[in-house]
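Down below is the structure, laid out as structure tokens.
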2 protein chains.
Amino acid sequence: MPEGRVEVEPQDGLTTRQRRNRPLVIVHTGDGKGKSTAAFGLAVRGWNQGWPIGVFQFVKSAKWRIGEQTVLETLDEVHRTTGQGGPVEWHKMGSGWSWSRKAGSEEDHAADAAEGWQEIKRRLAAETHRLYVLDEFTYPIAWGWVDVDDVVETLVNRPGQQHVVITGRRADPKLLEIANLVTEMRAVKHPFAEGQKGQRGIEW
Amino acid sequence: MPEGRVEVEPQDGLTTRQRRNRPLVIVHTGDGKGKSTAAFGLAVRGWNQGWPIGVFQFVKSAKWRIGEQTVLETLDEVHRTTGQGGPVEWHKMGSGWSWSRKAGSEEDHAADAAEGWQEIKRRLAAETHRLYVLDEFTYPIAWGWVDVDDVVETLVNRPGQQHVVITGRRADPKLLEIANLVTEMRAVKHPFAEGQKGQRGIEW
């Protein structure tokens, strides 16, 4: 119907809704706390919107279970039993990814990281998730295990409405360049400096 | 039994466990994003430890529902039906607190903020929660609605093992002084600067 038709439209191939809900690349970096916690918080928020969520832990905590994993898996269970929220997948590198079952292979973190990134590329191409948390992904980039130019090209050209949140210190300048939102978490005061050890419920 | 007895103990009246699990005052401040999101992430983590959680929203979003509220109330429901995690209470100032039912009173944000703080003092004295999120609590302090010296004295002398997380810009120096952990969220790049509006799932 001609009514309500906008005469002049931006020639960017996007609907108004798509233009408003622009998919974001978000980076949480800096030496302070809260980078991963805030990223998992965004995952929780996205779950509530009914988004399919994918979390990929590249380094820290990959061998042990953090509270957020239990919580997001509980939310996935809520989704499966009641339809509330969205589905959640949580994968961690540890010794090999959860989708990968290499029997008896030696630990090769560089190969594991590269394999994780290849899987994420496949999922971005297939638009598997609506929000991706690539936790501590800055490190395999910094260590040269994953090619930053490949990451940048993949993110810039990803299809659809997929948000990607990347956490970790020492974020590559090329990554910051293409990010839409960058927050630096800066440690002003930290109890570890007073000899306090990490504690359950606060650190994990 | 004398075996395993430590000969020299710090005379601080604390058990070893208490000394390790020292209750923390945590402040998330700065002009960047993630202050509240990371605080709600700590609440989620605490829930997973079985802690009773209390969230008190002082300003932002107090009249509308953010995703985390739905999620934490869902987790409270999981706790009540399965025993997993801990109980969660979420209160917001909006026009009066949820525990307060003042019919037909005019909006008085200063009085509401002061009333919220009095309730939190009562709960801290009663050790009602294990983790408190005082979201945007820096503002009523900055505006003089809540006395910072009273806050400092209450927090320093609070009994037991209660963690308190306070978020917001312009945190009072007296609050930072007694905080155990302070993180500044610094905005490096923000899509609002590019004319992007807030969007569902990311901002709320």
Side-chain angles (χ1 to χ4, degrees), chain A residues 20-22 24 26-30 32-42 44-51 66-72 74-75 77-78 82 84-85 130-131 163 176-177 179-192 194 196-197 199-204, chain B residues 20-22 24 26-30 32-42 44-51 66-72 74-75 77-78 82 84-85 130-131 163 176-177 179-192 194 196-197 199-204:
Chain A
R20 178 178 168 99
N21 291 329
R22 190 173 52 159
L24 301 176
I26 298 173
V27 176
H28 295 170
T29 191
K33 294 181 61 61
K35 297 186 288 292
S36 298
T37 309
F40 297 137
L42 284 173
V44 160
R45 199 172 277 183
W47 173 86
N48 187 54
Q49 293 296 333
W51 295 354
I66 61 173
E68 284 91 338
Q69 181 177 357
T70 306
V71 169
L72 278 164
T74 300
L75 293 175
E77 175 72 22
V78 168
T82 71
Q84 189 189 347
R130 184 80 158 75
L131 178 81
H163 300 291
L176 298 182
E177 177 63 30
N180 307 101
L181 196 161
V182 178
T183 304
E184 178 195 351
M185 276 67 171
R186 198 170 70 80
V188 176
K189 199 173 188 182
H190 197 294
F192 291 1
E194 300 171 26
Q196 172 78 8
K197 290 194 179 153
Q199 57 182 295
R200 182 184 301 268
I202 298 294
E203 301 293 332
W204 64 86
Chain B
R20 178 178 167 98
N21 292 329
R22 190 173 50 158
L24 302 176
I26 298 173
V27 177
H28 295 170
T29 192
K33 293 181 60 61
K35 298 186 289 293
S36 297
T37 310
F40 297 137
L42 284 172
V44 160
R45 200 173 276 183
W47 173 87
N48 186 54
Q49 294 295 334
W51 294 355
I66 61 173
E68 284 90 339
Q69 181 176 357
T70 305
V71 169
L72 278 163
T74 300
L75 293 175
E77 174 72 22
V78 168
T82 72
Q84 188 189 346
R130 184 79 158 74
L131 178 81
H163 300 292
L176 299 181
E177 176 62 31
N180 306 101
L181 196 160
V182 179
T183 304
E184 178 196 350
M185 277 63 171
R186 199 169 70 80
V188 176
K189 199 175 191 181
H190 197 294
F192 292 1
E194 300 171 26
Q196 172 78 8
K197 290 195 178 150
Q199 57 182 299
R200 184 182 299 267
I202 298 295
E203 301 294 330
W204 64 87

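Computation of the quantities below employed the complete heavy-atom set of this structure, encompassing side-chain atoms and omitting hydrogens, waters and symmetry-equivalent molecules. To find a chain, count down the sequence lines: A is the first, B the second, and so on, and within it residues start at 1.
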### Message
Looking at B:H163 and B:L24, would you say the former's side chain and the latter's main chain have a donor-acceptor pair under 3.5 Å?
### Response
yes

### Query
Quick one: what part of B:V44 sits under 4.5 Å from any heavy atom of chain A, side chain, backbone, both or neither?
both

### Contacting moiety of B:E77, where chain A heavy atoms sit under 4.5 Å
neither

### Message
How close do A:W47 and A:L75 get, counting heavy atoms only, and between which atoms?
### Response
NE1-O, 3.1 Å

### Summary
Closest non-hydrogen contact found for A:K35 with A:H28 is O-ND1, 2.9 Å

### Portion of A:L176 that has a non-hydrogen atom of chain B nearer than 4.5 angstrom
backbone

### Task
Heavy atoms only, distances under 4.5 angstrom: which of A:I26, A:T29, A:V71 has the most pairs with chain B? Name it, please.
A:V71

### Task
Provide the closest heavy-atom pair for A:K33 versus B:T183 in the form atom of the first, atom of the second, distance.
O-CG2, 3.4 Å

### Summary
Counting heavy-atom pairs under 4.5 Å with chain A, the top scorer among B:A38, B:G50, B:A187, B:G30 is B:A38

### Message
Under 4.5 Å from any heavy atom of chain B, what part of A:T74 do you find: side chain, backbone, both or neither?
### Response
side chain

### Query
Measuring from B:E68:CD to B:F40:CZ, what's the distance to the nearest 0.5 Å?
5.5 Å

### Message
For the interface with chain A, which of B:V27, B:L42, B:N48 has the highest count of heavy-atom pairs at distances below 4.5 Å?
### Response
B:N48

### Query
CZ/B:R45 to CD/A:Q69 distance, rounded to the nearest 0.5 angstrom?
12.0 Å

